[in-house]
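Report on the structure given below.
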Amino acid sequence: MEDASSPCVDATSLPNYAVTLSRSLCTAGSPSATFVGSACGPNNALIQWNKLSPKGCVTVLRDGTDAKTQADWIGQCGVPPLQIAGLPTRICGKVPGGIDNGGGSTPPVTPPPEP
């Protein structure tokens with residue numbers, strides 16, 4: 001299991017969030033990967049990752065991917081992928097429920113239950 005160390009991400013980074021993992025996700029790849037996400041949940045304060053593009057490996061897309069692969073590699077709204085548990089799951093400065101504190105110091109929130 002990998003650990004990306006940022007607890008939140010700026011909303012402008014969602015279309016192209018680059019991470020460096022401690023190892024490659026496939027034998028021919030590199031530890032560089034890019035995630036594409038969108039705002040979700042209450043107040044659009046949470047993140048749903050929709051695409052994982054590990055450099056040199058097969059891309060994982062939410063559409064057409066089975067539930068286990070989604071859970072392992074891209075997660076759900078407000079829930080990180082099981083294999084990359086430290087991936088941000090919330091947008092800095094937003095709190096579910098309509099409160100916006102205007103900064104990146106939002107306390108951790110409990111993700112919504114899975115549908």
Side-chain angles (χ1 to χ4, degrees):
M1 183 181 335
E2 289 294 330
D3 185 19
S5 61
S6 177
C8 68
V9 68
D10 187 89
T12 60
S13 297
L14 291 178
N16 190 28
Y17 185 71
V19 297
T20 300
L21 306 170
S22 64
R23 62 177 172 80
S24 173
L25 299 181
C26 67
T27 56
S30 83
S32 298
T34 302
F35 283 84
V36 175
S38 59
C40 66
N43 194 34
N44 281 328
L46 302 174
I47 300 169
Q48 176 169 291
W49 298 110
N50 297 309
K51 179 180 178 181
L52 162 60
S53 299
K55 189 172 182 181
C57 304
V58 175
T59 296
V60 178
L61 298 171
R62 177 168 302 286
D63 292 339
T65 301
D66 64 86
K68 180 172 180 354
T69 301
Q70 284 182 16
D72 281 347
W73 298 107
I74 53 180
Q76 298 296 330
C77 177
V79 179
L82 295 172
Q83 299 297 321
I84 309 172
L87 197 66
T89 58
R90 59 188 182 85
I91 297 174
C92 296
K94 290 196 172 240
V95 177
I99 301 167
D100 185 342
N101 71 2
S105 60
T106 306
V109 296
T110 302
E114 290 188 36

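Quick caveat, the model's predicted, so the values are computed rather than measured. Heavy atoms only: backbone and side chains are in, while hydrogens, waters and symmetry mates are out. Residues: numbered from 1 along the sequence shown.
Using a 4.5 Å heavy-atom cutoff, the side chains of Ile91 and Leu46 are not in contact. Phe35 is not listed as a side-chain neighbour of Asn16, based on a closest heavy-atom distance of 4.5 Å or more.
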Under 3.5 Å, which donor-acceptor pairs do the side chains of residues 52-64 form with other protein atoms, sequence neighbours left out?
from	atom 1	to	atom 2	distance (Å)
Arg62	NE	Trp49	O	3.4
Arg62	NE	Asn50	OD1	2.9
Arg62	NH1	Gln70	OE1	3.2
Arg62	NH1	Gly75	O	3.3
Arg62	NH2	Trp49	O	2.5
Arg62	NH2	Gly75	O	2.8

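Between Cys40 and Gly78, the closest heavy-atom pair is SG-N, 4.1 Å.
The line from CD1 of Ile47 to SG of Cys8 is 8.0 Å long, rounded to the nearest 0.5 Å. The CD atom of Gln48 lies 12.0 Å from the OG1 atom of Thr89; values are rounded to the nearest 0.5 Å.
Legend: ring-ring contact (aromatic ring centres under 6.0 Å, His included) pairs involving residues 56-86, not counting sequence neighbours: none detected. Residue pairs meeting the salt bridge (charged side-chain N to carboxylate O under 4.0 Å, His left out) criterion with at least one member in residues 64-86, sequence neighbours excluded, are Lys68-Asp72.
Following chains of ILVMFWY side-chain contacts shorter than 4.5 Å, one cannot reach Val19 starting from Val36, and the two form parts of different hydrophobic clusters.
Under the 3.5 Å distance criterion, the side-chain polar atoms of Asp10 are matched with a main-chain donor or acceptor of Thr12.
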